[in-house]
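As a basis for the values below, the full set of heavy atoms in this structure was taken, side chains included, without hydrogen atoms, waters or symmetry mates.
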Amino acid sequence: SFKFNMISIPILLNLKLTQKVWIQLGPQFMGNTSMTDKNKILKSGLNILSKQNYNFIGGLWFQFGGNAPLIRVNAGLRYIVGLNNMNFLKPESTWKTQMIQLHIGFSY
C-alpha cells in the first residue's frame with residue numbers, strides 16, 4: 001500500500017450573493033511532499049505522481065446567524081477538479097484529481 005502526503009494552497013475569491021451566501025472560485029496548487037511504500041515495491045514512489053498539481057475550485061459558503069453575534073457558524077461545500085495529468089508512470093493514461101470538500105467553522 002502507498003501513502004502520499006500532499007500540501008494544498010487554495011486562492012479563493014468570495015463573491016457575495018446574499019447576506020448569508022457566497023460563491024467561492026479560484027485556483028489551488030497541490031504539491032507532493034512525501035510517499036510511503038510499506039511493501040517496498042517501488043524504488044521511488046515520488047516518480048509515480050507529478051510533484052505539482054493545479055486545480056480549479058468552485059463552491060458555496062453559508063453564514064448562519066445575524067450580524068450582531070460575536071461568533072457565527074459557517075459551512076460550505078466545494079468541488080475541486082484537477083487541471084493537469086498527475087500520472088508519471090504511464091503518461092498516456094490520464095490521472096486527474098476530483099475532490100469534494102465539506103467544511104464547518106466559526107467566524108468572529
Side-chain angles (χ1 to χ4, degrees):
S1 74
F2 301 102
K3 179 180 178 182
F4 293 93
N5 294 313
M6 303 182 90
I7 186 168
S8 299
I9 303 170
I11 301 172
L12 297 176
L13 174 66
N14 291 317
L15 302 170
K16 190 174 189 178
L17 292 178
T18 68
Q19 190 65 24
K20 298 183 180 192
V21 180
W22 284 263
I23 290 179
Q24 295 184 313
L25 301 169
Q28 174 176 273
F29 168 78
M30 287 178 59
N32 191 359
T33 59
S34 68
M35 196 289 275
T36 304
D37 180 4
K38 291 183 181 179
N39 298 326
K40 310 249 187 254
I41 295 172
L42 304 170
K43 291 180 182 177
S44 176
L46 291 176
N47 293 332
I48 294 174
L49 294 179
S50 65
K51 292 184 182 358
Q52 298 176 353
N53 186 21
Y54 299 96
N55 304 309
F56 180 77
I57 301 174
L60 292 174
W61 181 44
F62 304 96
Q63 185 76 43
F64 303 105
N67 293 332
L70 184 61
I71 297 177
R72 295 176 298 238
V73 176
N74 62 63
L77 182 67
R78 295 181 191 141
Y79 177 69
I80 302 167
V81 63
L83 299 175
N84 62 311
N85 187 8
M86 293 182 63
N87 184 2
F88 269 12
L89 198 56
K90 288 185 175 181
E92 60 275 2
S93 298
T94 302
W95 296 351
K96 292 189 178 188
T97 57
Q98 290 185 359
M99 294 179 268
I100 294 176
Q101 290 181 342
L102 173 67
H103 71 84
I104 298 172
F106 298 97
S107 301
Y108 60 93

Side chain to side chain donor-acceptor pair (under 3.5 Å) with Trp22: which residues, sequence neighbours excluded?
none
If I take atom OG1 from residue Thr18 and atom CD from residue Gln63, how far apart are they, to the nearest 0.5 angstrom?
10.5 Å
How about Leu102: does its CG atom have over 12 heavy atoms from other parts shown lying under 6.0 Å from it?
yes
Single-linkage hydrophobic cluster, 4.5 Å side-chain cutoff, Leu77 and Phe106 together
yes
Please evaluate residues Ile80 and Ile57 with respect to the criterion side chain to side chain contact (heavy atoms under 4.5 Å, CB included), reporting the C-alpha separation (whole Å), side-chain torsions for both, the decisive distance (0.1 Å), and the verdict.
CA-CA 5 Å; Ile80 302 167; Ile57 301 174; 3.8 Å; yes
Partner of Phe64 by side chain to side chain contact (heavy atoms under 4.5 Å, CB included), out of Val73, Asn74, Ile104:
Val73
Asn5 side-chain N/O to Thr33 backbone N/O, donor-acceptor pair under 3.5 Å:
no
Would a single hydrophobic cluster contain both Leu17 and Leu25, if residues Ile, Leu, Val, Met, Phe, Trp and Tyr are joined by side-chain heavy-atom contacts under 4.5 Å?
yes
Among all residues two or more places apart in sequence or in another chain, which pass the side chain to side chain donor-acceptor pair (under 3.5 Å) test with Gln28?
none
Is it the case that one hydrophobic cluster holds both Leu13 and Phe29, taking links as side-chain heavy atoms less than 4.5 Å apart, direct or via other members?
no
Out of curiosity, does Ile100 fall in the hydrophobic cluster containing Phe56 (side-chain heavy atoms, cut-off under 4.5 Å, transitive links)?
yes
Pair Arg78, Trp61 - check side chain to side chain contact (heavy atoms under 4.5 Å, CB included), show working.
CA-CA 8 Å; Arg78 295 181 191 141; Trp61 181 44; over 6 Å; no
What are the two closest non-hydrogen atoms of Val21 and Phe62, and how far apart are they?
CG2-CD2, 3.8 Å
In one Ile/Leu/Val/Met/Phe/Trp/Tyr side-chain cluster, 4.5 Å: Leu12, Met30:
yes
Kindly give the heavy-atom pair with the smallest separation between Gln98 and Tyr79, and that separation in Å.
CD-OH, 3.5 Å
Can you measure from CG (Asn14) to CD1 (Ile23) and round to the nearest 0.5 angstrom?
10.5 Å
